[in-house]
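Note sheet for the following structure.
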Amino acid sequence: MDSTDDQSALSVVDIKKSFGGLIAVDAVSLSVQKGELLGIIGPNGSGKTTLVNLITGFVRPDSGRVIFKGSDITGKMPYKIAELGISRTFQLVKPFYQLPAFKNLIIPLYSPRVKRLRGGKYGERDDVAIDLLEEVGFERDSYVPYKVASSLPHGYLKRLELARCLALRSELLILDELFSGMSMSEVASTMPIIERLHEEGLTIIMVEHRLRELFRVADRVIVLNYGRKIADGSVKEVMESEAVKAAYLGSEAEG
Amino acid sequence: MAVHYRKERLDRGIKARCEDIFALASHREMLYLLLPRVVPVIVLLSFPLLKGVVGLYWEKVVVITCAIALLSLSWDLMASVGLVSLGQALFFGAGSYITGSLNHAFGWPYFLTIPCGTVGGALFCALLLLPVLRLRGVYFAIVTLTLPLLLTRFIEASKILGGNEGLSSLSPLPNLWFELYVPVLALLVCLFAFRRLINDDYGLVLQGIRDNDLAVMSGAINIYQFKAQAVFIAGLAGSFAGAFMTHYYQFVGMPAFALDYSILPLTCAVLGGVGTFAGPTLGAFILVPLSEALRAFGTLRVVFYSAILIICIVGLPEGIFHYFQRKYHQFERKVEVG
């Protein structure tokens, strides 16, 4: 089967999930190659976030399989999946609001995965946290990394989410609408970070509504509509697809 | 022309509290930091020496207070992980019964039974609560409320461990000094250990689980493992209280699972200030002696007790400790204006 060959970092096979009568994700299959940046787009309610939740274990699928680096991770607990090397950001940011920004990163840095990969004692972790924040664009010599998360602007919280993923040194990064709620300038300053991570060879899945930015970096794009995959291909192919145009703009046949 | 005054407020603690090198800048600031920690320790440690002055009755009240304070510390630690418990009696009872039955059945002396009761009780409770660690908020609370009641009825119906009558004439503690000092020392050790634990990176993870368990899980951390560890650590404090009191009373019976041991620690924590450890301890040292002092009122005791409790909670909803802490750090004075 080509979806589980050596090159693919993650493959999802015929995954299905329904909530009550609503089919959120309907037999979607996809695979991501190592080092690839895959974009997932689709109109609101098309099942993008559910798909992310299915891959990362926050939601259990009704059927289908998720295979990461050749082993089946379907239905495993979220922390187990994160431990194996898939990390995600949340569309709705989930920082620890009353902690300073850099202390937010202590929690992933305390995980067994990071202990194994990085080592680290008390105090050292604080330095690593500050380095990580600098990596995602927090001004190192300012007071921003030390500010309480609840007092940070939304754009910083989004980047804090990104830093939390980077803290785990994952092999696969799933960014769930990282750019939503960011200002134009924040997006402009975050894009180079994504591009750099991509160049460094990290496998990235980006769920995004900001198509212009996504199309600039994505190697391949998947389009979902009503839980079904309606297109899968290069940016150019997807943009020219009739099905995609119909999903976004409505077709005459649908009326 | 009338002289007007305005209140000026200075935050005198800011330099000393910023955890930086400033704290060591002067003796005055060191003293400022040390006093609120050292004074209660000295008072607690010297209290048993004042036995001749205050009388044995109040010394024994302090022993009970320490036991309740330990239970409220264990409540507070669990609350720090987001596990709101209504069943500290489970810890108390488990520690009590293990200690009592080891002494009754095998005649083990107190220096073996109390450690066994402490660790065994904590382990028993952690294992018992393991399946419900997934529950949150009020659902977890209901389960913890029910478990001690369930165990009481189980002991009553099955007539094991002394059944209705309990196990009596257990071996006493060696001497009065032991009786008076061990609870105080245990309380101090527990208080400072818990504070240290929660301020460490480990404690940060625990608090993270309380605030946002999904985010902690996505940080590759097994939250159930941490919750179980927290319950075990909290269980050590609670079970020790039970284990000690068993030898202190030389009796263990169904009252060890009584609702009092569940509700009182919770009340102490809420009155004193949740999440500070010092707060619940302070709460215990107000409520338990207060309850004893009100014995003179006879039947009206509960009325006065409840009234004081309500006034405190309505007046200082943040908790007494938080209030005092703020007043200590902020220095207020009147300044003439105009």
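Order of the sequence lines fixes the chain letters, A, B, ..., with proteins taken first and strands second; residue numbering starts at 1 for each chain.
- Between the OH atom of A:Tyr110 and the CG atom of B:Asp200 there is a distance of 6.0 Å, given to the nearest 0.5 Å.
- Between the CZ atom of A:Arg125 and the CG atom of B:Asp201 there is a distance of 4.5 Å, given to the nearest 0.5 Å.
- The environment of A:Arg140 atom CZ is dense: over 12 non-hydrogen atoms of other residues, nucleotides or ligands sit within 6.0 angstrom.
- Interface residues of residues 72-83 of chain A toward chain B, defined by a heavy-atom distance below 4.5 Å and sorted by number: A:Met77, A:Pro78, A:Tyr79, A:Ala82, A:Glu83.
- Under a cut-off of 6.0 angstrom, the local environment of OH in A:Tyr146 is sparse, with at most 12 non-hydrogen atoms contributed by other residues, nucleotides or ligands.
- More than 12 heavy atoms of other residues, nucleotides or ligands sit less than 6.0 Å from atom OH of A:Tyr97.
- Residue B:Asn222 touches chain A through both its backbone and its side chain, counting heavy-atom pairs closer than 4.5 Å.
- Taking a 6.0 Å sphere around CZ of B:Phe324, one finds it holds 12 or fewer heavy atoms contributed by other residues, nucleotides or ligands.
- Between B:Gly208 and A:Phe96, the shortest heavy-atom distance links the atoms O-CE2, 3.5 Å.
- The two residues A:Phe90 and B:Ser218 have their closest heavy-atom pair at CE1-OG, 3.5 Å.
- Between B:Gly219 and A:Ser111, the shortest heavy-atom contact is O-CB, 3.2 Å.
- In plain terms, the two heavy atoms of B:Leu204 and A:Ile107 that are nearest each other are O-CD1, 3.5 Å.
- No more than 12 heavy atoms of other residues, nucleotides or ligands lie within 6.0 Å of OH in B:Tyr139, so this atom counts as exposed by the packing criterion.
- For B:Arg196, the CZ atom counts as loosely surrounded, since its 6.0 Å shell holds 12 or fewer non-hydrogen atoms of other residues, nucleotides or ligands.
- Residue B:Leu214 touches chain A through both its backbone and its side chain, counting heavy-atom pairs closer than 4.5 Å.
- By the 6.0 Å contact criterion, CZ on A:Arg196 is enclosed, its count of non-hydrogen atoms from other residues, nucleotides or ligands being greater than 12.
- Proximity to chain B (any heavy atom under 4.5 Å) is restricted, for A:Gln98, to the side chain, taken from C-beta onward.
- Between B:Asn212 atom CG and A:Leu99 atom CG the span is 10.5 Å, to the nearest 0.5 Å.
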